[in-house]
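Read the structure below first, then the notes.
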Amino acid sequence: MALYAVRMDVAIPDDVDPAVRAETIATEKAYSQELQRGGEWVHIWRIVGQYSNISVFDVADNERLHEILWGLPLFKWMTVEVTPLAAHPSDITVGGAP
C-alpha cells in the first residue's frame, strides 16, 4: 500500500444549474464516504475559508489513486495536487524516537 496526501481545490462555475450542483455534491459525498468506509480514503480535512480539502489516501498504487480521483463527481471542477508520503524516522509510531 502507498500513502498520498492530496489537496483538492474546487471551483464550481457560477452558471451550473443549482439542481445539478446539489446532486453532484451529494453524489461526491456518498462516493467519498464509501471510500472512507473501505479504508482507502483515510483522512479528509477542510481547509478553513476555502472550498478545498487535504485528504490522505492509502491505496495499492498510483493507478488506483488515479482511478479514485478521476471518479470524483466534482473532479472536472477541481485542481488536484498529489504528494506521495513516506514514513518519517522521527515518528514514534513507526519505530522512531523512544
Side-chain angles (χ1 to χ4, degrees):
M1 299 301 276
L3 289 175
Y4 299 89
V6 180
R7 178 178 173 139
M8 296 175 238
D9 299 299
V10 181
I12 301 173
D14 292 335
D15 62 350
V16 171
D17 180 276
V20 171
R21 177 187 175 100
E23 180 182 339
T24 304
I25 290 170
T27 305
E28 175 95 5
K29 182 177 181 177
Y31 179 72
S32 73
Q33 289 179 345
E34 177 184 331
L35 290 163
Q36 289 171 62
R37 282 190 285 278
E40 289 182 301
W41 197 320
V42 181
H43 296 285
I44 182 170
W45 290 281
R46 176 174 290 167
I47 298 174
V48 176
Q50 299 177 35
Y51 194 172
S52 303
N53 74 76
I54 295 177
S55 295
V56 175
F57 291 85
D58 188 356
V59 294
D61 53 29
N62 292 343
E63 291 301 319
R64 177 61 182 143
L65 181 61
H66 182 78
E67 178 182 296
I68 288 170
L69 296 176
W70 275 72
L72 291 167
L74 290 171
F75 185 78
K76 62 185 165 199
W77 298 314
M78 286 183 178
T79 300
V80 178
E81 181 180 324
V82 176
T83 305
L85 301 174
H88 194 286
S90 295
D91 185 341
I92 62 172
T93 64
V94 293

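These figures come from a predicted structure and were not determined experimentally. For the numbers below, each heavy atom of this structure counts, side chains included, while hydrogens, waters and symmetry mates do not.
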[X] side, atom [atom1]; [Y] side, atom [atom2] - distance, nearest 0.5 Å:
X	Y	atom1	atom2	value
Met8	Glu81	CE	CD	11.5 Å
Leu35	Leu72	CG	CG	8.0 Å
Ile12	Ile25	CD1	CD1	4.0 Å

Notebook entry, point to check: Do Met1 and Ile68 belong together in a cluster built from hydrophobic side chains that touch within less than 4.5 Å?
Noted result: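 Hydrophobic grouping puts Met1 apart from Ile68.
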Notebook entry, point to check: Hey, any chance Trp77 and Ile44 share a hydrophobic cluster, counting ILVMFWY side chains that come within less than 4.5 Å of each other, even indirectly?
Noted result: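 Yes; tracing contacts between hydrophobic side chains, which count when under 4.5 Å, links both residues.
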[Y] and [X], any side-chain heavy atoms less than 4.5 Å apart:
X	Y	answer
Val6	Leu65	yes
Asn53	Arg46	no
Leu69	Val82	yes

Next item on the list: Could you list the residues that satisfy side chain to side chain contact (heavy atoms under 4.5 Å, CB included) with Pro84, not counting sequence neighbours?
Entry: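 For Pro84, the residues satisfying side chain to side chain contact (heavy atoms under 4.5 Å, CB included) (neighbours in sequence not counted) are Tyr4.
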Next item on the list: Just jot down the side chain to side chain contact (heavy atoms under 4.5 Å, CB included) partners of Ala5, sequence neighbours excluded, or say none.
Entry: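 Partners of Ala5 under the side chain to side chain contact (heavy atoms under 4.5 Å, CB included) test: Thr83, Leu85.
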Quick one: which residue pairs count as a salt bridge (Lys or Arg N to Asp or Glu O under 4.0 Å) with a foot in [range], not counting sequence neighbours?
range	answer
residues 3-13	Arg7-Asp9
residues 54-68	Glu40-Arg64, Arg64-Glu67
residues 12-39	none

Next item on the list: Linking directly or through intermediates, with side-chain heavy atoms under 4.5 Å: list the remaining ILVMFWY members grouped with Ile54, chain and number order.
Entry: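 Direct or chained contacts put Ile54 with Ile47.
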Next item on the list: Can you tell me which residue pairs pass the ring-ring contact (aromatic ring centres under 6.0 Å, His included) test with a partner in residues 22-41, sequence neighbours excluded?
Entry: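 Listed by first then second residue: Trp41-Phe57.
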Check: If you take all heavy atoms of Pro73 and Thr24, which pair is closest and at what distance?
Finding: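 Taking every non-hydrogen atom into account, O-CG2, 3.7 Å.
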Checklist line | Qualifying residues under side chain to side chain donor-acceptor pair (under 3.5 Å), relative to Trp45, sequence neighbours excluded | finding: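 Partners of Trp45 under the side chain to side chain donor-acceptor pair (under 3.5 Å) test: none.
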Check: What residues form a side chain to side chain donor-acceptor pair (under 3.5 Å) with His66, not counting sequence neighbours?
Finding: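 Counting only residues at least two positions away or on another chain, His66 forms a side chain to side chain donor-acceptor pair (under 3.5 Å) with Trp70.
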